[in-house]
Amino acid sequence: LRTTMRTATHASGASLHTSSRASFTSAQIGAAAAQAGLASVTMVMGAGGTGKPAVVHALKREFVRLGLGRLLVTAYTGVAAAPFGGPTLLSLRGLSLEAKAAVRVRTAGAVEREARRAKFKEECGAPIEEFGGVVIDEISFVDASTFGHVDASFGNLLGCEKENGLVCGGMPMLLAGDNFQKPPPGGAPWHKLMVAVAAEEVENPLTSGSTFAKQRGLRLLRGARRVQLTRLMRARDDELFIAYQQQMRTDMPHPVPDAFLKALRMVSRADLEADAAWRFAPIGVLAVVERDAINLAQLAALPSYMPRLE
C-alpha cells in the first residue's frame, strides 16, 4: 500500500511531502491509483496454513512503521475478526441480516451519514480518516451482494458516492480467504457467480444500475488484483499431511482420503508428556454440549499446564 500511495501520487502529479495517511483523502488515493493503473483492491487467496494472517500482521506492522495510518481488519464472523481486534463486517457497516440481503444498496443524506460515521468511530476506535486501509478476512463467507453493500457504505462514509468508478470511496482494500472453506450463510459463493457470469449462464449483474448491490459487488471483485499463496507454512515439516491436505481441496462430497483417516490414532499419555499443547488442540464435535464440556475442561486445566506450554 505504501508503494501504491507513493507511485500513484507521483503518477497523478500530486505533491508528496510526508508518508502520513492524513496527507491524502481516500478519493485522492483511489483516483491516483487508478490513473497509475494500480488496483485499489487486492485479493490474497490460499489454503489454511499458507500464511494469510501472517501477511495481515506484517501489513499492520508496516502501516505503523511507515506512518500510513491505521489498518482496519474485519471479517464476517467474530471468530475470524477477534485475533486482529476488529469488529465483524456487519456490525462495522451497521448491517442487519435483512439489510445484507437487500437487492439495492442504502443511500444516506447528510444527517444519516454523520450517524454512520459516528457508528464507525464507535466500532473501530477512531474516525475513518485515520485509516489507511481495510482488510476483509475469510471472504468465502461473503457473497457478492454483501461486497456491494460494503462498497456503497465506504463511499458514503467518505463522501465519495458521486465519484464515478471509485471503489469503496477510494479506501485501499485487501481481501483474504479460501473458497474451499465455508460458503456464505444463506447466499451463493461469489466465485461461482463470477464463473456463471463469464460463461453467460446467468444474467450479468454489471448491466444493471449502480444502486444494485450485486452489480457493485461484482465490479469490486472483478477489479481486484489476485495473489495466490501456495506454500503450506503451518505444516512445512510434515510433507505427508501437506499431500493429504492438497488432495482434500476438491469439490467431491467426501474429499478426505481413507488413508488419512486410517492413519489417525488416539493421543497417548506419552504424547501429552512430550507436548502439553496436545491438551488444547482443536477438536471436532457434533453438538454444542460436547463443545462446552470440552472447553470448560480445557479452561480448568490450563493453569497447571502453563509452565510447560511456555
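Note that the structure is a prediction, hence the values are computed from the model and not measured.
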Pair R269 + E273, salt bridge at N-O below 4.0 Å: no
Interatomic spacing from CZ in R231 to CZ in R236 - rounded to 0.5 Å: 7.5 Å
4.5 Å side-chain heavy-atom contact, Y76 and S140: no
Validation row: T77, K182 side chains within 4.5 angstrom (heavy atoms): no
Whether over 12 other heavy atoms sit under 6.0 Å from E239 CD: no
pair V56-V44: side-chain heavy atoms closer than 4.5 Å: no
R249 atom CZ: more than 12 heavy-atom contacts under 6.0 Å: yes
Passing candidate, side chain to side chain contact (heavy atoms under 4.5 Å, CB included) with K214, options L193, T146, V105, V197: L193
Option among E112, E114, R113 that satisfies the side chain to side chain contact (heavy atoms under 4.5 Å, CB included) test with R116: E112
Straight-line distance of F63 CZ to L68 CG, nearest 0.5 Å: 5.5 Å
Verify same cluster id: V202, V195 (apolar side-chain graph, 4.5 Å): no
Any side-chain heavy-atom pair of Y244 and M248 under 4.5 Å: yes
Contact check, side chains of L72 and P87, non-hydrogen atoms, under 4.5 Å: yes
Salt bridge R117-E129, side-chain N to carboxylate O under 4.0 Å: yes
Spacing of CG belonging to D292 relative to CG belonging to L299, to within rounding of 0.5 Å: 12.0 Å
From CG (L220) to CD1 (I136), nearest 0.5 Å: 7.5 Å
Lys/Arg-Asp/Glu bridge criterion (N-O < 4.0 Å) met for K52, D178: no
Side-chain donor/acceptor of T211 to backbone N/O of R104, under 3.5 Å: no
Contact check, side chains of V167 and F154, non-hydrogen atoms, under 4.5 Å: no
Close side-chain approach of I139 to M43, heavy-atom, < 4.5 Å: yes
Salt bridge flag under 4.0 Å for residues R65 and E62: yes
Side-chain heavy-atom pair L175, F147 within 4.5 angstrom cut-off: yes
Common cluster, F180/V227, ILVMFWY with side-chain heavy-atom separation under 4.5 Å: no
CD on Q245 to CG on L232, rounded to 0.5 Å: 5.0 Å
Expected output: side-chain D271 to main-chain S268 donor-acceptor under 3.5 Å: yes
Euclidean distance, D151 CG relative to L218 CG, rounded to 0.5 Å: 11.5 Å
